[in-house]
Amino acid sequence: MQDIFADLQWRGLIHQTTADDKLPQWLSGEARTVYAGFDPTADSLHVGSLLPLMMLRRFQKAGHRPIALVGGATGMIGDPSGKSAERNLLSEEQLATNIVGIEGQMRKLLNFDAGKTSALLVNNNDWMKEFSYTAFLRDVGKNFPVNVMLNKDSVKSRLGSDAGLSYTEFSYMLLQAYDFVHLNQQYQCELQIGGSDQWGNVTAGIDLGRRMLGKQLYGITCPLLTKSDGAKMGKTESGAIYLSPDRTSPYEFYQYWVRVEDDDVGMCLRFLTELTEEEIKSLDLARAAEPHQRASQKRLAEEVTKLIHGEAGLKSAKQATEILFGAEIADLSDKELQQIFADVPSVTLPMARLNGGVPIVDALVEAGLSKSKGEARRTVDQGGAYVNNQRVESVEKTLSSSDLASETVIVLRSGKKKYSLMKFSG
RNA sequence: GGGAGGGUACCGAAGCGGUCAAACGGGACAGACUGUAAAUCUGUUGGCUUAGCCUUCGCAGGUUCGAAUCCUGCUCCUCCCA
């Protein structure tokens with residue numbers, strides 16, 4: 001049994017606990033069962049969910065049993081914590097597909113075949129759907145003093161706002177609290193972990209456990225994954241970074257981590273990787289001494305990509321990175337290019353167009369790199385357009401067969417990081 | 001129901017008869033510097049067949065040689081009173 005508490009502590013993963021003095025010993029005594037809840041708002045988890053998921057993984061590796069709870073029931077209601085407005089409700093069908101997608105991702109991080117410490121995946125809708133409303137009010141609702149609920153931050157802030165709070169969202173807390181009780185009865189689960197915004201819900205579950213079962217349950221919250229400027233990690237201008245390769249390709253995923261700011265990368269290494277304290281500290285030193293080497297970012301990207309997309313995903317992401325950020329692209333085969341640029345958007349034009357010569361301005365627009373010809377012209381004028389990683393010098397340039405990087409493909413680029421493939425066929 | 005103000009480009013916000021494709025700020029894009037970081041600096045930011053042309057200032061009409069600017073109707077929003 002490893003000392004999970006100390007591990008979490010040096011990583012900075014403990015924000016609050018319900019029993020600071022007891023937990024370290026309690027966790028080192030014997031194998032415990034611990035759970036964390038996940039919201040099935042999309043068919044893929046995003047970077048924000050990575051942190052609690054990694055927490056479960058750490059617990060499992062330390063010899064405890066993790067339960068990942070998918071909120072099929074609570075997802076229908078919507079958690080008011082940290083939300084400024086009432087949420088849109090998800091349909092049952094949507095929830096069902098979302099849960100399937102999320103399950104697959106959890107299997108990559110948690111071991112579901114590890115004997116006593118095998119991970120479990122449960123859906124709270126499985127026990128909530130059989131619960132009658134009156135029975136729920138009698139057995140669970142009875143234990144919730146409304147004056148206590150009104151004192152929760154998540155409720156207070158909403159009551160003060162114009163948006164108000166519906167009875168439905170107000171009841172969210174009861175459902176989540178009951179989850180904990182149910183998991184305790186069913187699986188002897190005694191510890192809930194969650195983000196710091198879940199504190200209110202976690203403690204509600206613990207209170208309910210004491211009232212209904214007379215048992216002592218525990219809770220740990222971890223910090224939220226936010227950047228030094230307060231923004232959430234995992235959000236880009238073009239949307240969230242997802243764990244599903246269909247939504248966010250391994251290359252994009254890898255690139256996101258490579259581009260993490262210096263100020264945030266130390267935290268990411270601690271929160272999201274399983275590197276040891278020594279390794280991380282030496283990376284901290286390296287970063288201070290020779291920041292331009294960006295060893296921390298590279299290591300972070302490698303570790304996290306490997307975890308989510310496996311060795312193969314990491315390999316292709318790194319390969320693409322090497323080529324894309326390297327020198328001129330030439331003398332490659334279609335096959336190689338296809339592989340390297342698997343993630344990059346592409347367009348296909350008839351070969352006849354190429355023989356006639358494609359003006360660079362048109363090419364940029366058709367490849368989706370510029371919104372209009374005017375914008376394309378500007379990009380070229382400003383020196384921001386590249387063909388096969390070689391800067392385009394003039395707006396007059398036309399693409400011809402001599403610009404092909406392989407048999408049928410030309411690699412276009414706008415600015416530093418935006419790529420597109422132009423394929424010619426026929 | 002009464003009164004007041006307002007809808008301008010991605011967002012905020014000037015302009016109130018011609019010199020308006022429309023100030024300024026933010027954002028975004030590109031460049032320089034760098035380290036695929038941050039900060040900073042520079043340029044660009046309606047479209048096109050680009051010395052020019054076309055379409056834009058809530059919508060529809062009108063006045064005028066000429067309208068984002070004036071008039072009429074409609075519509076939406078904000079505030080104040082009931």
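Here the structure is a predicted model, which is why all the values come from computation and not from measurement. We name chains A, B, ... by the order of the sequence lines, and we start the count at 1 in each one.
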Next on the checklist: Using Watson-Crick or G-U wobble geometry with both distances under 3.5 Å, which nucleotide pairs with B:C65?
Outcome noted: B:G18

Next on the checklist: What residues from residues 286-297 of chain A pass a heavy-atom cutoff of under 4.0 Å to RNA chain B?
Outcome noted: A:Pro291, A:His292, A:Arg294, A:Gln297

Next on the checklist: Please report the distance, rounded to the nearest Å, between NZ in A:Lys416 and P in B:G35.
Outcome noted: 10 Å

Checklist entry - Looking only at N and O atoms, is any donor in the side chain of A:Asp381 or the base of B:G43 less than 3.5 Å from an acceptor on the other one? => result no

Checklist entry - Mind checking what makes salt bridge (charged side-chain N to carboxylate O under 4.0 Å, His left out) contact with A:Glu277, not counting sequence neighbours? => result A:Lys281

Item to check | Pair partner, B:A30 [Watson-Crick or wobble, under 3.5 Å] | outcome: B:U42

Checklist entry - Mind checking the P distance from B:U49 to B:A67? Whole angstroms is fine. => result 28 Å

Checklist entry - Can you name the one residue among A:Lys397, A:Arg377, A:Lys373 that meets salt bridge (charged side-chain N to carboxylate O under 4.0 Å, His left out) with A:Asp362? => result A:Lys373

Next on the checklist: Looking only at the side chain of A:Tyr386 (C-beta and beyond, no hydrogens), which of the listed nucleotides B:G35, B:G31, B:G47 gets closest?
Outcome noted: B:G31

Item to check | Passing candidate, side chain to side chain contact (heavy atoms under 4.5 Å, CB included) with A:Asp403, options A:Thr398, A:Ile410, A:Ile360 | outcome: A:Ile410

Checklist entry - In terms of side-chain heavy atoms of A:Arg377, which of B:U44, B:U50, B:U36 is nearest? => result B:U50

Next on the checklist: Counting only Watson-Crick pairs (N1-N3 plus N6-O4 or O6-N4) and G-U wobbles (N1-O2, O6-N3), all under 3.5 Å, who is the partner of B:G1?
Outcome noted: B:C81

Item to check | Gap between atoms NZ and C1', on A:Lys371 and B:U44 respectively (whole Å) | outcome: 13 Å

Next on the checklist: Could you work out, with side-chain contact (heavy atoms from CB on, under 4.5 Å) as the rule, every residue matching A:Ser333, not counting sequence neighbours?
Outcome noted: A:Lys335, A:Glu336, A:Glu407

Checklist entry - Can you tell me how far C1' in B:U78 sits from the matching atom in B:U34, rounded to whole Å? => result 48 Å

Item to check | No-hydrogen, no-angle side-chain donor-acceptor test under 3.5 Å, A:Asp43 and A:Tyr242 | outcome: no

Item to check | Watson-Crick or G-U wobble mate for B:A23, both contacts under 3.5 Å | outcome: none

Checklist entry - Which of the following nucleotides, B:A38, B:U36, B:U34, is nearest to the side chain of A:Glu261? => result B:A38

Checklist entry - Reckon A:Arg378 touches a base, only the sugar-phosphate, or nothing at all at heavy-atom distances under 4.0 Å? => result sugar-phosphate

